[in-house]
Every structure is written in structure tokens, then in C-alpha cells.
Amino acid sequence: MKRRDFLKHAGLLVAGAALGSGAGILSGCTTPAARPGGSKGPVDITYWHRGGGPAADVMKDLQNMFNESQSQVRVTIEMIPPEGVGINQKLLSAVSAGTPPDCAYLDRGGMLSSWAVRGALVPLDSYADADKVTEQSYYAYTWDQVRNDGKLYGLPLEANPITLLFWRKDMFEKAGLDPDKVPATMDELDVMVEKLYKKSNDNTYDVIGFVPWFKTGFMVPIGNSFGAQWYDRASQKVLGNGPNNVRALDWMASYAKKYGIETLSRTTQAFGGAGQDPFITGQVAMITGHVSTIANMKRYGPDVKYGVGMLPVPAGGRKSIYMAGESAVIPKGSKHPDEAWQFIKWLTSGEAIKKWCVSMGYFPAHTEVSKDPVFADSPEKQQVISFMEHGTTNTPMPVGDFYWTKLQEAVDFTLHSKKTAQQALDDAVRETQERLEATLKGQ
Amino acid sequence: MRGVNPVSWRRLGQGLFFISPWILGFICLKIYPLSSSLYYSLTHYDILTAPKWTGFDNYIALTKDRLFWQSLYNTLYYAVLAVPLSIVVALALAMVLNTRIRGLAIFRTLFYMPSIVPAVAASILWLWIFDAKVGLLNLALGQVGIVGPGWLTNETWAKPALILMSLWASGSSMVIFLAGLQGIPQQYYEAASVDGAGRIRQFWHVTIPLLTPTLFFTLVTGLIGSVQYFTQAYIMTNGGPVNSTLMYALYLFNNAFRYFRMGYASAMAWILFLIVLAATLLLFRTSRRWVHYEGDVR
């Protein structure tokens, strides 16, 4: 009897302790309740930034900058791991669970409109009107991308050209080409590229002249140079299989046919990043690249002589530089939207965005900040600025990431000769239209 | 229950109380997610807004989805090849390690270690091994004069590459087979050799029959595990090239978290469950014919 009683009482004690500490841990897991602003201390907010490495260091500095600049709001910046295109699992789960951060970093071209259409973001119009943040404050196309259905859902951070053309001047000279001449048409480009390719004897290339789909040669940027249309907002029709779109994909596929998709894939597979970037190591003579390539070249390949230009203009096409960037949003369920607005307004303007862009090699979306001479302090940067008047972009739509994925799938299939360009784009458009209509119906 | 007397009720209560942590965990972490998933599979659910009931729409839509069939094919291709091959490799290793050689424990550990390398680390490692130009595999093939294929960038060779990678991690099955081998009484081998059986006949007529319970176990668990293959495909190829490595679980993941189709993904999950359930039941039914449990009277 005695032992059983003892065991019973010990068991109850342990269970009680376990429940008690469990409850304590659970309550500790939620974000600490902030004291209401205006009374004793500052309001604590959290901002989730996607990225790692150098971005984390810059964000830490920005966190200190913000917290020291005023005392009403104290921000904690948490870095969350970058995932694939169109995936932000952590933020999605947090919003759905009702415990999102107060503000977050979200891809602007694809994800913002998908999230806004599903009611996952807090509309910011009242805040913007009160603080006189208007479409004059930011580049027009970036402003367009953070709006959905007439409402404002985020503030743009960067206005980054992502499909610039870079070429190695020294390799041009060696191949007998004029190092300062940008190819003006696609045909010129094709001819120049041929001289730059060098095959090796194990079914790979020692030097690749140019691969259109490598790095930032996505379907949409290249298509834009060919004059392609992607989406009509008025009729909500997906347009990706028009004649210009097909010509663009055919041009890309011509490289796969001419130089062998197998041989090219075998070669590009081993390409590294940073200091091992194939453009720096001389494995690729011409490459499309993000504007941050300029900063990377300065850091990892300062002695490399290279040129920066726009993609050449195909017959019947147009000058185009594809632009992208991210935004700062306030997710639905944010506990301190007012303070979150203060932070994201600070982050996307003034010294904050300047520091972010300078450290990462980006261009700011804020019109005033972009006029700062630091963004034009090298001939390469000045050239890029001159290109930006030809900026084109992704039309935001409710299934933007699905569409982008389908287009890249179309490219994959066409390059591997599994479908013709027309077939591949037809399929992508049809599937996206289905998805779009289902989404608009609330499915 | 033995009787309706108060003592046995109290015993039951005490028993339940002592396993209550497990019951709580089971309900919260297994029963609740399972039933939620079943519910969501009958709805359109984009995670951010409330689920909308649609009955079996998701299931019907799946049958018309070419990527569903493609991913199912890819996964079954992988499972049907990887599971038997890994059993063969694991058994071969176990037989080699079942001899009385010096340093046996070291070799056993070395062969076992790959199976505990985290999947993400292994994926990065094998991305380099499979590299067409500078990877170890093609360098080795090059030594014997073979120009290796593009492996992960080649649509024909991508799945075989993943299967090859999974064979590297056969260590965990090997350890189980080793235990099984060591559980075979020596007298059977003695009796067989007295009857004039050579090594090979001994293998087929003593070792294999007495190993069938272990083989059966490895087959069933291997099947269940292999149809859920995800991490390596997500990290190494993301389903490419041309969807040749789009595994079922990867397509499910994309639907759930990239395309806002959690209901659709849940339906995919339940279909997979039914497939695996059917296959497992079939294996169990047919096992009576070939699995010999020691001590069975036939």
C-alpha cells in the first residue's frame, strides 16, 4: 500500500511539474507582449528578413541604427533562411497560425500580389496617405508592383536591373573582337559568341561564349527584349504564348541545339559562386547578371576587365532591362501595424535603404535616395543608370510564382527538345490560366 | 476486461494515467494532424484563408494532372529499383562482415556511417560527386575510358544517379542483416555441409530462408521510406531536368507551399497512403509463401 501511494503521489507531482513547465515554455514561445507605446517603454516589434551571410551583417547594423535613432519602437530583425522561388514557408506558416512577425521582407514581383489577393497582407493606404508616401516617392514600376487591386500592400526596397549583359574585354580581344563594342542585335551576338566558344575533349566546354538561360536569363527578361507580352490585367488573360514569346524561346533553344544542351549542362553544372564565379575564372566570356555582379566583381575579381551592357535588340524587339526587387510588408495578424509601418517606412528610405543597397550592390527604389552620388560612383554604375529608362518588369498577378515556374518548365522542355517552343508556351499559358481562374474563384 | 469490479477499474485508470503523456502526444501530434489532413483533402485550402469544402474535387483533379502521374512514375521507378538493390548491397556487405576478420568493428562502423550523414549534407556531397566535368564518379569512369553521362543534368541518368546515391547509405540495412545472419544457428550449416552442400547451396538453402523475416522487414520499411523520397530531389535537382526527378513528395510540397494548394497536396498525401497501404497488405499476404519464421510448424 505504502509504495503504491508513494508512486501515485510522485507521479502526480511529476505530471504537475511537467504541465507547469510545459505551459511556461509555451507562453515563452510566443512573442513577448509589448508594453503599449506611450507608457513606460518602447514597443517591441519583429521584422523577418530573408537571407544570410553578408545580408545578416547589414541587417544587424540597420537594427542598431533604427533602435538608436528613436525610442518609441524597438525592432528585432530575424533572419530567416532563403528558400526556392516563390516559397516562403516560414512566413506562410506564421501568418496562418496567427503569429506572424510585425513586418517582413517579401518578393515583390511574384509573391506580393499572390499574398495580397489572399488577404495575407495589411493594406497600407491609410498609413501612406498620412505620411505623404506617394507614387512619387518610388520608381513608378516598383510602386505598381506593391499595389494590388488599387490598394497599397508594401513598400519597395530595391530597383535592381537583373538581366544585364556582362562581357570579358580581355577574352574579346583574344578572340579578335572589339572589346568595347556591345552587340547591337541578336544576330551580332550570335556571331560574336561563336568565336568565343572553346570545346574540350571530355564532352564539355573549356570556355563558354554565352548561354542565354544561364544566371539571370529567365524566360521573362529575355522575352521582354523580343517584345513579348505576359499578362493583360484588364481582361485577366495570360498571354505568354504570343509570337514574340515564341521567338524568344526559339532563340534560346537555338543555342541548345547549336552547342548541345548535354554538353552545356555538363559544363555549367560545376560553376561556382563568389570567387569561383565562371565569369571571373574565365570559363564564360559573356553572361547575363544581376546588378550586384558589379559589386561582386569589385570584391572578388578587381583585376578583371569587363563591360556592362543591355541585352541586344532582336529584330522587331525593343531595348529592355528587366528590373526586380523586394518589398517590406506588414502581414495580416501583425500585432503592431502602426509601429511596423514606422519601421518599414524608415527601412525603404533615407540612410537605411542607402546602406542596404550600397552594402549589397543594389539600387534603391526610392527616387530621392537613388540620386545619391554613391550610386553613380563608377563608370559601370553610371552606365546601368542610363539603362534604367528602358526598365521592364514582371506584371504582378495572383498566381505569379506558379506562372514563373511554368515558364521555366517550358524553357526546360524546349531546351531538351521535348516540346517545340510554341507547344511548351501553350501548355504553360493554359495551365496558368486554369490556375488563375481557380484562384479568382476562391479555390 | 476481466471483470467489472472496482479494483480493475482503478487499475485501468492508473495504467491510463501513466501512459497519459504518450496518449496526449499521440492525439495532438498524430491523430489530430492525420484527421486534419483528411479534412483538408476534401477542401480547397490556401493556408491563408479558411478552407472551402469541395468533396472529392481534389482527388478527381489529381487523376487529370499530368504532373501527378509523372511524379508517381518517378517515385515508383525509384522505389522499385532502389529497394531491392539496397537489400542486395546491404546483404552482400553483411555477409562479408560476418566473417571473423580483424578490425571487423571498424569496418562495420565505416560502412554504417554514410547512413547517418544528414540528407542535406549528403546531397551537397553527391552534387559534387556527380558533377559531369570534375566529379569523382566521372573521373573514375574516365580512368577506364568511359565518358560518363551528365548524371543529374541528364534526364535518363538523373534517377539512376539518385538510386546510386541511396545505395551508399545501405549501412543501416546492413547492420540489421548482420544481426539476422548472426542469429542463424551454426548447426544448420554443419548439417548442410555434412549432407554435402557447398557454400553456394548453403547460402540459398540455409542462409536465405532463415533470413527471410529480416528481408521481409527491410522490404516493407524500404518501400514505405522510398515512396516518401524528398530531400535529395529538392536540394539536388528540384525536380529537373524536364521533371525526370520530380518525386511525389516534392510535387506535394510544391503544391502545398508554393502554389497555395494545401487541400490538393493533402489529397496527394492520402492517395500515397492508400497506395502504400495496398502494397504493404499485398506484401504481408504473399509473405506467408516465402517468409520462414524459425520454429514455425508447417
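Below, read A as the first sequence line, B as the second, and so on, with proteins coming before strands; counting in each chain starts at 1.
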* Assess whether side chain to side chain contact (heavy atoms under 4.5 Å, CB included) is satisfied between B:Phe260 and A:Thr439, documenting all intermediate values. => CA-CA 9 Å; B:Phe260 300 103; A:Thr439 306; over 6 Å; no

* More than 12 heavy atoms of other groups within 6.0 Å of A:Gln276 CD -> no

* **Neighbour count above 12 (heavy atom, 6.0 Å) for B:Arg11 CZ** => no

* Who in residues 233-245 of chain B is close to chain A, using a strict under-4.5 Å heavy-atom cut-off? -> B:Tyr234, B:Pro241, B:Val242, B:Asn243

* Asked: Roughly how far, to the nearest 0.5 Å, is CD of A:Gln269 from OG1 of B:Thr153?
  -> 4.5 Å

* To the nearest 0.5 Å, how far apart are OG in A:Ser265 and CG in B:Leu152? -> 11.0 Å

* Asked: Taking atom OH of A:Tyr197 as the centre, does the number of heavy atoms from other residues, nucleotides or ligands within less than 6.0 Å exceed 12?
  -> yes

* Residue A:Lys90 versus chain B: region with a heavy atom under 4.5 Å -> neither

* Atom CH2 of A:Trp404: over 12 foreign heavy atoms under 6.0 Å -> yes

* Asked: Within a reach of under 6.0 Å around OH of B:Tyr39, are more than 12 heavy atoms found that belong to other residues, nucleotides or ligands?
  -> yes

* To do: Please list, chain by chain and in numerical order, all residues satisfying ring pair (Phe, Tyr, Trp, His ring centres under 6.0 Å) with B:Tyr32, sequence neighbours excluded.
  => none

* Asked: Do you know which of B:Pro149, B:Pro21, B:Gly142 has the most heavy-atom pairs under 4.5 Å to chain A?
  -> B:Pro149

* Quick one: do A:Asp206 and B:Lys133 satisfy side chain to side chain contact (heavy atoms under 4.5 Å, CB included)? Show the steps, please. => CA-CA 10 Å; A:Asp206 278 333; B:Lys133 202 173 159 76; 3.6 Å; yes

* Measuring heavy-atom distances to chain B, does A:Ser200 have an atom under 4.5 Å in its side chain, in its backbone, in both, or in neither? -> side chain

* Heavy-atom distances under 4.5 Å only: say whether A:Phe271 touches chain B with side chain, backbone, both or neither. => neither

* Answer yes or no on whether A:Arg435 is positioned over the face of B:Tyr259, meaning its NZ or CZ is under 6.0 Å from the six-membered ring centre and within 45° of the axis. => no

* To do: List the steps, then state whether salt bridge (Lys or Arg N to Asp or Glu O under 4.0 Å) holds for A:Glu409 with B:Arg66.
  => CA-CA 13 Å; A:Glu409 195 184 315; B:Arg66 67 177 170 89; 2.9 Å; yes

* Derivation and outcome, side chain to side chain contact (heavy atoms under 4.5 Å, CB included), residues A:Arg266 and B:Val147 -> CA-CA 11 Å; A:Arg266 291 167 66 98; B:Val147 178; 3.6 Å; yes

* To do: Against chain A, label B:Trp151 side chain, backbone, both or neither, depending on which of its atoms sit under 4.5 Å from a heavy atom there.
  => neither

* To do: Counting only heavy atoms closer than 4.5 Å, note whether A:Thr405 contacts chain B via side chain, backbone, both or neither.
  => side chain

